[in-house]
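Nothing here was measured: the structure is a model prediction, and the numbers come from that model. Proteins come first, then strands; the chains are lettered A, B, ... in the order of their sequence lines, and each starts at number 1.
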Amino acid sequence: MALALEMKGITKYFPSSDVLANNNVDFTVEAGEVHALVGENGAGKTTLMNILYGLVKPDSGEIFLDGNKVSIGHPDDAIRLGIGMVHQHFKLVPSFTVAQNIMLGIEPSTFGVLRQRDENEAVARLAEQYGLPVDPTAHVRDLPVGMQQRVEILKVLQREAKILILDEPTAVLTPQEVGELIRIVRNLSKLGYTIIFITHKLVEVMHVADRVSVMRGGRMMGTKKVSDTSIPELARMMVGREVILQLEKPEARPGEVVFEAKDVTVASASGVPAVLNLSLQVREGEILGVAGVSGNGQTELVEAIAGMRPLDGGKLYFLGKEINRLDVYQRRHLGMAHIPEDRIQVGLNLEANLDENLIVSRYKLPRFNRMGFLLRRAIRDFSASIIEKFSIAGARPGGSIATLSGGNMQKVVVGRELSGNPKFIIANQPTRGLDVGSIEFVHQTLLDARAEGAGILLVSVELDEIMSLSDRIVVLYRGQIQGELDAATATEEEIGILMAGGTLQETARSMKAAAS
Amino acid sequence: MGNFTDILTFQLLNSGIRLATPIILAALGGALCNRAGVLNLALEGKMLLGAFLAIVVAFYVGNTYIGIVIAMMAGGLLGLLFAFLYHRYEVDLIILAIALNMLILELTVYFMRVLFGQVGSWSDPSIQRVPDIQIPVLKNIPVLGDILNGYNFIVYFSWFAAIALYFILFHTKFGRHVRAVGENKEAAETVGINSRRVQTFALVISGMLAAMGGAFLSVGHLKLFTRNMSNGRGWTAITAALFGFNHPIATFFTGLFFGFADAFAVRIQNVTDLPPNLAQLIPHFTTLVVLVLVALREKVGQMLARRRFQTQLQSPQTSPEGATSPASGTD
């Protein structure tokens, strides 16, 4: 097959962060194939694609398109050469219609005056041509995420791209939407488009791609045919060692209820109830997984439980006592721990050093202070013990944490939260943005805490995470629990239906109706 | 008696429309900037500069129109300077605006003293006010003619500007790019729209409009300059733009509303014994009330959203708008 793209000897060094993001990388993509590009965070795949799209200038290296050497200094060049990118964070104008977004910058006009009807017709034609139905006059802000992504894809197609870069396209989708996206991508490939699919989910690679390239630490580790490789092999290439993909999960031994939420209502920033009359219980020694598409009330629920956000109704009980009126510190003092979803903004203070970050929730303990003065040596020792226990690479007592990698930063948070033997742990997206190795570590740590009898509320939009760790699963949809499942028997499809707001009975009914 | 009240009403309307003109012009500029995502808090200073330059140039050159043009060019140049400092050095626009507002207030007083030896206010008999226009057919139509006829060109220009700006923003390619830049700059930039150019344009135009509003004060409405002549109208204009959802037509009417508040304050001083200080508070008080209304509008919106949400949840059969029916999604 002919090569659509060839990148040769690409090297890029970022002096500000002293990172060699791409180290003599070679990358070739055949015309008409779906080529997955995988790697942990910081492996250099985003940099490589930004170079291809003209957002970053390489220090050295050459790019060939259809065998011709090209220079791409700006996204405009990339677009002109037929390269289109669907960004992980959509670049859409919410108050504009679908057609206005797709045609942005290339609007049909007469002497600068818009021809809005032509615009809508052109988009309708485009949608039909590719079998991607959309309503050209719908406002983007009203569309579900999967639909917004479709608008982004159409936007790229309208600009006559032949090579499509999809950057982590499944990160924000429900399982059903992922299935739909994979169908779309396969179909585009059949139509002759070349697709580069960036992801770190290996299961998706096996479903969608023809070939896969793996990057690690700024280097290209190799390219494989998907039919000739396996998930464990790819994982090994990504991480550089054997990875335990299947966690050892001992039988749950649930005890007393440690935490209970009763009819909890929480308002979001815009005043709309983000959580409505929600009730749940967490027992000792079990993990309750809260699944759901992000933005369905997870953040508000977690913040309300942790004491960071006032309740608008309902009651919270911790160890049988009502805790509505207790503040964050008091709740923590009773044995509650919280791994927040945003480690940079909420979980850590990057300006403060490692020691300060580690004792921030317990500096009042007599162990660390005497008459208002901090006991420096005790804190150092504590810090050293956490670094050792959680093997935080690159950290030293009293050192900076801003220079740590994302995975090691998260280890600092997890280390702080779990070191006091908490009775109840809220883990909100504990592995977001982490590499496979760090994910494995965090998961194992949570399972250890569970074995020691802690009750854990695990909130995650990663279905794999929910399914492999939880004992029970509840699905959050529009601030309410859409359904509860036993983790041992739940299937991805069932959870997906609930995540999209469906009910299992309804679906069973309609499936029966379809069959008859 | 009936005649007397009639005249009073028309006069009030006439002076309301006149006093609204500088507010409308500046508010349109403010709305344009808000649409382009560059907060322009320097309208007050640009208006004051316009008022000062227009009358000073008119005095030295002997032509009022040249005074107005120079004032507008100065306003536009200031807008350009803002855009340059913002894009090139990432200077904070709010701080820049505060500094400029204070600087211009003091500079105008300083030059009034240096050039004319006056402190509080200055005028000269040689200065010509912009003449009022009699529109042929319109002036003979009763009521309508009384209300709409007999203003100078700046007043009519402000009406035209509102319509033109509406057309540009919502019916031209460039206007759509302005709105795209204001709402999601990255989205606009990834499709090759030059956001700097768009924002620079907005800042320049709004500077010109605000300066024109100022010129109206010194050579269009009166023919004198007083210390702090803009007297908060630039700030009122910002409120008017907000209250009008940054929509040119709606902003025109909110500007008009503030003009009437001004006119009413003047009128009430003439016909009642209300202490003048209290009467002068009326426009500022209206601004405050409007700001509260703007805030309340948000609250009411949230309340309605909450109610909608709850009714949706209570009737799960009717699937909410936007979301696809989950059952059909899995068929």
Side-chain angles (χ1 to χ4, degrees), chain A residues 55 74-76 79 85 87 89-96 100-101 103-109 111-114 116 138-139 141-144 146-147 155 159 174 176-177 180 267 270-273 276-277 477-480 493 496-503 506-507 509-511 513-514, chain B residues 35 37 164 167-195 198 245-247 296-314 316-317 319-331:
Chain A
L55 289 166
H74 191 271
D76 288 350
I79 293 168
M85 186 148 170
H87 300 267
H89 303 287
F90 302 149
K91 312 272 186 206
L92 297 171
V93 184
S95 79
F96 281 19
Q100 288 169 348
N101 267 291
M103 304 301 274
L104 187 62
I106 49 171
E107 299 89 348
S109 63
F111 300 116
V113 179
L114 296 165
Q116 312 211 10
H139 289 274
R141 60 162 179 256
D142 299 330
L143 298 180
M147 211 51 157
K155 202 165 134 187
R159 284 163 178 74
T174 63
Q176 275 81 9
E177 286 173 326
E180 177 69 9
S270 64
V272 179
L276 195 71
N277 296 329
Y477 177 72
R478 296 200 163 196
Q480 295 190 311
E493 285 70 30
I497 289 163
L498 295 171
M499 278 167 79
T503 61
E506 224 176 88
T507 310
R509 252 207 318 278
S510 62
M511 276 167 73
Chain B
R35 286 281 180 182
F167 185 79
I168 290 173
L169 277 179
F170 293 96
H171 290 280
T172 70
K173 203 167 161 164
F174 183 75
R176 186 180 284 172
H177 294 181
V178 171
R179 291 188 292 135
V181 168
E183 204 177 322
N184 188 347
K185 196 166 144 186
E186 278 200 325
E189 282 176 347
T190 46
V191 296
I193 293 171
N194 186 339
S195 70
V198 165
F245 295 101
N246 298 316
H247 188 290
L296 276 182
R297 192 169 67 192
E298 299 247 306
K299 281 271 172 231
V300 170
Q302 288 172 9
M303 223 177 66
L304 291 178
R306 185 184 281 243
R307 195 168 296 161
R308 254 202 320 277
F309 183 83
Q310 268 160 355
T311 42
Q312 260 177 31
L313 285 168
Q314 274 150 20
Q317 293 87 350
S319 89
E321 85 288 342
T324 48
S325 162
S328 67
T330 53
D331 278 354

Spacing of CZ belonging to Arg179(B) relative to CZ belonging to Arg35(B), to within rounding of 0.5 Å: 6.5 Å

Proximal component of Ile79(A), with respect to chain B [non-hydrogen, under 4.5 Å]: side chain

Within 45° cone of Phe96(A) ring axis and under 6.0 Å: Arg141(A) NZ or CZ: no

Contact class of Gln100(A) relative to chain B, heavy atoms under 4.5 angstrom: both

Chain B contact via Pro94(A) - side chain, backbone, both or neither, heavy atoms under 4.5 Å: both

Which atoms of Ser95(A) approach chain B - backbone, side chain, both or neither, heavy atom under 4.5 Å: both

Top contributor to chain B interface from Gly496(A), Ala138(A), Gly112(A) [non-hydrogen pairs under 4.5 Å]: Gly112(A)

Spatial distance of atom CG (Asn184(B)) from atom CD (Glu189(B)) [nearest 0.5 Å]: 9.5 Å

Side-chain H-bond candidate by donor/acceptor type, His177(B) with Glu107(A), under 3.5 Å: yes

Heavy atoms of other groups near His171(B) NE2, more than 12 under 6.0 Å: yes

Which atoms of His87(A) approach chain B - backbone, side chain, both or neither, heavy atom under 4.5 Å: side chain

Interatomic spacing from CG in Leu143(A) to CZ in Phe90(A) - rounded to 0.5 Å: 10.5 Å

Residue part contacting chain A, namely of Phe170(B), when any heavy atom lies under 4.5 Å: backbone

